[in-house]
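Step one of this worksheet: look at the structure below.
A, B, ... follow the sequence lines: proteins, then strands. Residue 1 opens every chain. Only heavy atoms go into these numbers, but all of them, side chains included; no hydrogens, no water, no symmetry mates.
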Amino acid sequence: GNSVTQMEGPVTLSEEAFLTINCTYTATGYPSLFWYVQYPGEGLQLLLKATKADDKGSNKGFEATYRKETTSFHLEKGSVQVSDSAVYFCALRKGGTSNYQLIWGAGTKLIIKP
Amino acid sequence: DVKVTQSSRYLVKRTGEKVFLECVQDMDHENMFWYRQDPGLGLRLIYFSYDVKMKEKGDIPEGYSVSREKKERFSLILESASTNQTSMYLCASSLFRGENGNQPQHFGDGTRLSIL
């Protein structure tokens, strides 16, 4: 079946460090892939997405590349800020008639220290 | 901007009570979703609806029901609340765009429900 696996957190970094949060998936067909972010006390919001192999999604300095050969969609940022502290969720959208449902990873909590 | 509004941020209820969680979206979205969020488990889909009066079970529907009488409103009902339903509940909505649609889900801020 379809599934998403994220690296366990929390991930703790110093400000200006390089960030990678790993995400791998199992899916049939050609799913779309997403990263959502949840800031403290808020709901989730879409951070970036990629809809086909080799697509790169980017937003707010974050990037992720859809790698079909390694079934991965790792989130990266070159220089993190304290304001990036949040929980990050990787998700995939099933193909076909149920294409509005998302399969979610468990989330990775990111803590950035000044 | 899309706004998804959940009626309560925090709610405390007693075991056996019937609990209603309300969600309203203001962007005429066809799809609406109820999730629960628990540490280490991510988001788990309880129910979703793709049209008025239409609903489908998600991954964990047991102990819950839903109602969608109007397009903008999607209610989650705990028929007889139990302590294992203590959780964060998130509502989301999205626009339907057919087979090739990739519209993002927009979330409310969540309701933290405690069942005593």
Problem set entry | Other residues, nucleotides, ligands: >12 heavy atoms within 6.0 Å of F18(A) CZ | yes
Exercise. When hydrophobic residues are tied together by side-chain contacts of less than 4.5 Å, even through go-betweens, does Y88(A) share a cluster with M7(A)?
Worked result: yes
Problem set entry | Inter-residue atom distance Q105(B).CD - L46(A).CG, 0.5 Å rounding | 10.0 Å
For this session: Would you please indicate yes or no on a ring centroid separation below 6.0 angstrom for W104(A) and F33(B)?
Result: no
Problem set entry | Which atoms of Q6(A) approach chain B - backbone, side chain, both or neither, heavy atom under 4.5 Å | neither
For this session: Give a yes or no on whether K109(A) atom NZ has more than 12 heavy-atom contacts from other residues, nucleotides or ligands under 6.0 Å away.
Result: no
For this session: Count the heavy atoms belonging to other residues, nucleotides or ligands that lie under 6.0 Å from CZ of R9(B), then report whether that count exceeds 12.
Result: yes
For this session: Might you confirm whether atom CD of E15(A) has over 12 heavy atoms from other residues, nucleotides or ligands at distances under 6.0 Å?
Result: yes
Exercise. When hydrophobic residues are tied together by side-chain contacts of less than 4.5 Å, even through go-betweens, does Y39(A) share a cluster with F62(A)?
Worked result: yes
For this session: Starting at CG of L44(A), measure out to CG of D109(B) and round the result to the nearest 0.5 Å.
Result: 10.5 Å
Problem set entry | Under 4.5 Å from a heavy atom of chain A, the part of Q6(B) involved | neither
Exercise. For chain A, which of G110(B), C91(B), G108(B) has the most heavy-atom pairs under 4.5 Å?
Worked result: G108(B)
Exercise. To the nearest 0.5 Å, what is the distance between OH (Y35(B)) and CG (L102(A))?
Worked result: 5.0 Å
For this session: Kindly check if the number of other-residue, nucleotide or ligand heavy atoms within 6.0 Å of CZ (R112(B)) is above 12?
Result: no
Exercise. At their closest point, which heavy atom of A106(A) faces which heavy atom of G40(B), and how far apart are they?
Worked result: CB-O, 3.6 Å
Exercise. Side chain, backbone, both or neither: which part of L90(B) has a heavy atom under 4.5 Å from chain A?
Worked result: side chain
